[in-house]
Amino acid sequence: MREPCFMKHVLFVVVAAAVWVGVANADELSHMPEVKGTLSQALHSARVESHQAPNHQEQLTDEENLRRIGLSAETVRDGLWAVAHRPHSPCAQYIRQLTADAKGSSAALLQSDQRLVVYVENSGICER
């Protein structure tokens, strides 16, 4: 006869614990910031922010530097397009390397980059 009474007490304790955990979780969720938009919208906006195009003045400076080290106007245009629209392409990687080296303006760097300039120009890697 004692078993049904004992089972009632155990059941009461389990239910009380479940209610207490539920209240604690609800309280925790009430302090979380409100979600605005969907996950896909958040991912899209993060992607857009990470691929922000350089401002116009930076782009003009990059064009001038790339022309100064020996790239043709067409290759510079196609290369900067690749940097903005296909950032993981080989062309974009080479253009970023040449742009960074040209900003340094060290004679030794510019001399060593001449082989890369000739390769980018002659290979057609930046043609769309």
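Residue indices begin at 1 and follow the sequence shown. Please read all numbers here as calculations on a predicted model, not as lab measurements.
Atom CD of Gln114 and atom CG of Leu98 lie 9.0 Å apart (nearest 0.5 Å). The CZ atom of Arg86 lies 11.0 Å from the CG atom of Asp78; values are rounded to the nearest 0.5 Å. Rounding to the nearest 0.5 Å places CH2 of Trp81 at 8.0 Å from OG of Ser89.
Contact of the Leu71 side chain with the Ile95 side chain is registered, since non-hydrogen atoms from C-beta on lie closer than 4.5 Å. Contact check for Cys126 versus Val120: side-chain heavy atoms found under the 4.5 Å cut-off. A heavy-atom distance below 4.5 Å is not found between the side chains of Val83 and Thr99.
Under the 4.5 Å side-chain contact rule for hydrophobic residues, Tyr119 and Leu66 share a cluster.
In terms of heavy-atom proximity, Arg67 sits nearest to Val76 at CD-CG2, 4.0 Å. When all heavy atoms of Gln93 and His88 are compared, the pair lying nearest together is NE2-O, 3.3 Å.
Between the side chain of Glu121 and the main chain of Thr75, no donor-acceptor pair closer than 3.5 Å is present. Judged by distance alone, with hydrogens and angles left aside, the side-chain atoms of Glu63 form no donor-acceptor pair with the main-chain N or O of Arg77 at under 3.5 Å. Between the side chain of Arg96 and the backbone N or O of Pro87 there is at least one donor-acceptor pair closer than 3.5 Å.
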